[in-house]
Amino acid sequence: MSHADTVIVLDFETTGLSPQQGDRAIEIGAVKLENGIITDRFQQLMNPGFRVTSFIEQYTGISNEMLSQAPSCKTVMADFSDFIGNSSLVAHNASFDQRFLIAELNRLHRPFNTSFACSMLIARRVFPEAANHQLGTLVAHTNIEHDGVFHRALADAEMTAQLWLKLLQKLQQQWPALTVSFELMQQLQQQPKGALDRFIKRQLAT
DNA sequence: TGCCAGGCCCTCTTTAGGGCCTT
């Protein structure tokens, strides 16, 4: 079974929803998937330089006290940039994490030219029957084992990685002859919803 | 830092509005 190449699955905790509005990353978590197995991990809190709201403290469990002792975003993101290298990236609702990754790397004057795939967009197509497509719901829907920790970066990255494997597994089981590459997943997430069968059959015909 | 997003997706659509996802 193909595991769609080596990918790094990542998740940010942040001070809010929009880097364009001044929000910053406060934690990055990531796992490297090679041949369907987690072979490396990255997790680090980072100090955004201002206090986070009580909403963020409660939502993530990350307190201002914890962040006051963490290294700066600049230090952590430089290390993380080295960790991801040129790997293909996956995140749940990837547009969110991609915006923060680009914003933080821009502050370091580091170019970003890595491709992203989105487990949420793909799950909407592969698991249309799920009640909704929040990460926690999909983890339950696909019977992924977890330790009950949500909204922390490494925990969410680990669960997203397991969800990614479930997506690959479902596609491979349904279409055994299909070569499930990262590029195929990127194309799949852009197909009109409900047109998955047609897209796969077109792939198999080439 | 506090001006609070942005892209996808559906539908009672396309001369638009609102829910879903992420923190």
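Chain identifiers are assigned alphabetically (A, B, ...) following the order of the sequence lines, protein sequences preceding nucleic acid strands; residue numbering begins at 1 within each chain. Being a predicted model, the structure only gives us computed values, none of them experimental.
Between the side chains of H92(A) and S119(A), a donor-acceptor pair is found at a separation under 3.5 Å. No side-chain N or O of E27(A) forms a donor-acceptor pair with one of Q44(A) less than 3.5 Å apart. In summary, the side chains of R110(A) and S81(A) do present a donor paired with an acceptor at a separation below 3.5 Å, with no hydrogens or angles considered. Neither side chain, E13(A) nor T60(A), offers a donor N or O lying under 3.5 Å from an acceptor on the other. Side chains of S72(A) and N47(A): no donor on one and acceptor on the other come within 3.5 Å. Checking Q190(A) against Q186(A) by side-chain atom types alone, no donor-acceptor pair falls below 3.5 Å. D23(A) and T14(A) form no side-chain donor-acceptor contact under 3.5 Å, judged by distance and modelled atom types alone.
When heavy atoms are screened at a 4.0 angstrom cut-off, I26(A) is found touching no nucleic acid atom at all. Across all strands shown, D23(A) has heavy atoms under 4.0 Å from base atoms, whether or not it also approaches the sugar-phosphate. Nucleic acid contact for Q21(A): base, since at least one base atom lies under 4.0 Å from a heavy atom of the residue.
For the pair L17(A) CG and dC4(B) C1', the interatomic distance rounds to 8 Å; values are reported in whole Å. Spacing between atom CG of D97(A) and atom C1' of dG7(B) amounts to 14 Å, rounded to whole angstrom units. As rounded to whole Å, 16 Å separates atom P of dT23(B) from atom CD of E104(A). At whole-Å resolution of the value, CG in N93(A) and C1' in dT23(B) are 10 Å apart. Here dT22(B) presents its C1' atom at 10 Å from CG of D156(A), a figure rounded to the nearest Å. Regarding L45(A), its CG atom lies at a distance of 15 Å from the C1' atom of dT23(B), rounded to whole Å. For the pair R24(A) CZ and dG2(B) P, the computed distance is 15 Å after rounding to whole Å. Look at NZ on K193(A): it is 12 Å from C1' on dG19(B), rounded to the nearest Å.
Relative orientation of the F12(A) and F80(A) rings is perpendicular, given thresholds of 30° and 60° on the angle between their planes. Aromatic ring orientation, F116(A) versus F112(A): tilted (interplanar angle from 30° to 60°). Note on ring orientation: taking the six-membered ring where Trp is involved, the planes of H141(A) and F127(A) are perpendicular (angle over 60°, cut-offs 30° and 60°).
Rounded to whole Å, the P atom of dG19(B) lies 14 Å from the corresponding atom of dC12(B). Nucleotides dC21(B) and dC3(B) place their C1' atoms 23 Å apart, quoted to the nearest Å. One P atom belongs to dG6(B), the other to dT13(B), and the distance between them is 27 Å to the nearest Å. dG2(B) and dG18(B): their C1' atoms are spaced 25 Å apart (whole Å). Between dT15(B) and dC20(B), the distance separating the two C1' atoms is 25 Å to the nearest Å. Nucleotides dC8(B) and dC4(B) have their P atoms positioned 24 Å apart, rounded to a whole Å.
Non-hydrogen atoms lying under 4.0 Å from DNA chain B are contributed by F55(A), I56(A), Y59(A), T60(A), all within residues 54-61 of chain A. Taken residue by residue, residues 110-125 of chain A places heavy atoms nearer than 4.0 Å to DNA chain B at M120(A), L121(A), R124(A), R125(A).
Regarding contacts with the backbone of dT23(B), a side-chain N or O of H151(A) is found under 4.0 angstrom from either OP1 or OP2. Applying the 4.0 Å criterion to OP1 and OP2 of dC20(B), one finds that H133(A) has every side-chain N and O outside that range.
In terms of position along DNA chain B, the nucleotide closest to G49(A) lies nearer the 5' end than the nucleotide closest to the other residue of the pair G49(A) and G194(A).
For T53(A), whose side chain is taken as the heavy atoms from C-beta onward, the closest listed nucleotide among dT22(B), dG2(B), dA5(B) is dG2(B).
Ring centers of H146(A) and F150(A): under 6.0 Å apart, within the cut-off.
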